[in-house]
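Worksheet for the structure shown next.
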Amino acid sequence: MKKWLLSILILTLAVVLIACGSENEEDSSGGEGDSSSETSKWDEIQEEGELVVGTSGTLYPASFYPEDSDELTGYDVEIMKELADRLEVDLSFEEYGVDGLLSSIESGRVDMVMNDMEITEERQESFTFSEPYKHSYSTMVVREDDLSGIESLEDIEGKVHGGGATTVYAQIAEHFGAEIKSYGNVTNDVYLRDVENGRTDLIINDYYLQSLALEALPELEVTIHPDLQFHPKESGIVMPEGEDELKEKVDEKLNEMREDGTLTEISEEFYGGQDASEEPDVDAEEIEGLDI
């Protein structure tokens, strides 16, 4: 009789332990008993007290070092400085080549990227973007004497385009049949001199960036093509996919900066009195069949 009671007690205890173990497993895997939630990027930034931003440092006048200065500045950089201040966190920049910026988010080396990054459907499949802080369109730098033999976008076929291989501008060039000459993290004058000396034929890029770069290097015999304005674009701050809370915080501060005139003020400082925070009054050609 005693043996029989002991067996019943052991069996009952085993059932209770199994049940407890199942509840603990359910709790730890996010079941009904889970009272904790996954940490968001915004939580991490607040805990660290610092925002780490990826940029190139070579993209005049968005992100660059003025001559004889070791202080990073530019339209994008100064917006980010103001944004971090309004978010009440410290700010540090990590510099990467254009082709390495998005991967720096995926690897977790930076919290976000700000480098005149165009908002595209393809990129939005893998990243979260802020509301646009810049509106622009694309133009083309060519040789001054013969416009590199280009009269229309179709004439790009067989020409050599200089620029980052992963940029939207390279995709446009490839769309029309150009060969891509890719660079590391080099400054604008390297790209422009290669067009001048014939190593490349054209550079497709943002209108504001190209016009200011040419203004800074007047000795180069290159020009913006006078007849080609195309691909209207918007630039945003890039964040990891699904970080909706961080996007909400960033958008709130960007909208404040737009409404109080801060974006306009910073733009006029770096873009020769022009307001890149508003849509330009230019009828830029849409490119049909471009999958970006």
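In this chain, residues are counted from 1 in sequence order.
- Through chains of ILVMFWY side-chain contacts below 4.5 Å, Ile172 is grouped with Met140, Val142, Leu147, Ile150, Leu153, Ile156, Val168, Tyr169, Phe176, Leu202, Ile204, Leu228, Phe230, Ile287, Leu290, Ile292.
- Judged by distance alone, the side chains of Ser235 and Asp116 do bring a donor and an acceptor atom under 3.5 Å apart.
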Show me the donor-acceptor pairs within less than 3.5 Å that the side chains of residues 238-247 make with the rest of the protein, sequence neighbours left out.
unit_1	atom_1	unit_2	atom_2	d
Glu243	OE1	Lys41	N	3.0
Glu245	OE1	Ser40	OG	3.2
Lys247	NZ	Phe129	O	2.9
Lys247	NZ	Asp251	OD2	2.8

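- Residues Asn185 and Thr58 have side chains that bring a donor and an acceptor to within less than 3.5 angstrom of each other.
- Counting only residues at least two apart or in different chains, ring pair (Phe, Tyr, Trp, His ring centres under 6.0 Å) contacts with residues 236-282 comprise Tyr75-Tyr271, Tyr208-Tyr271.
- Distance alone, capped at 3.5 Å, places no donor-acceptor pair between the Asp43 side chain and the Thr39 backbone.
- The pair Lys253-Glu256 meets the salt-bridge criterion, since a charged nitrogen lies less than 4.0 angstrom from a carboxylate oxygen.
- Within a 6.0 Å radius of CD in Glu154, more than 12 heavy atoms belonging to other residues, nucleotides or ligands are found.
- Considering only residues two or more places apart in sequence or on other chains, Phe127 meets the ring-ring contact (aromatic ring centres under 6.0 Å, His included) condition with none of them.
- Side-chain N/O atoms of Glu78 and Thr73 include a donor and acceptor closer than 3.5 Å.
- Few gaps surround CZ on Arg109; more than 12 heavy atoms of other groups in view lie less than 6.0 Å from it.
- Note on residues 44-70: pairs passing ring pair (Phe, Tyr, Trp, His ring centres under 6.0 Å), not counting sequence neighbours, are Tyr60-Phe64.
- Using modelled atom types, one finds no donor on one side chain facing an acceptor on the other under 3.5 Å when comparing Tyr191 with Asn205.
- Considering only residues two or more places apart in sequence or on other chains, Tyr133 meets the side chain to side chain donor-acceptor pair (under 3.5 Å) condition with Asp76.
- Using a cut-off of 4.0 Å between Lys/Arg side-chain N and Asp/Glu carboxylate O, Lys249 and Asp111 are scored as not salt-bridged.
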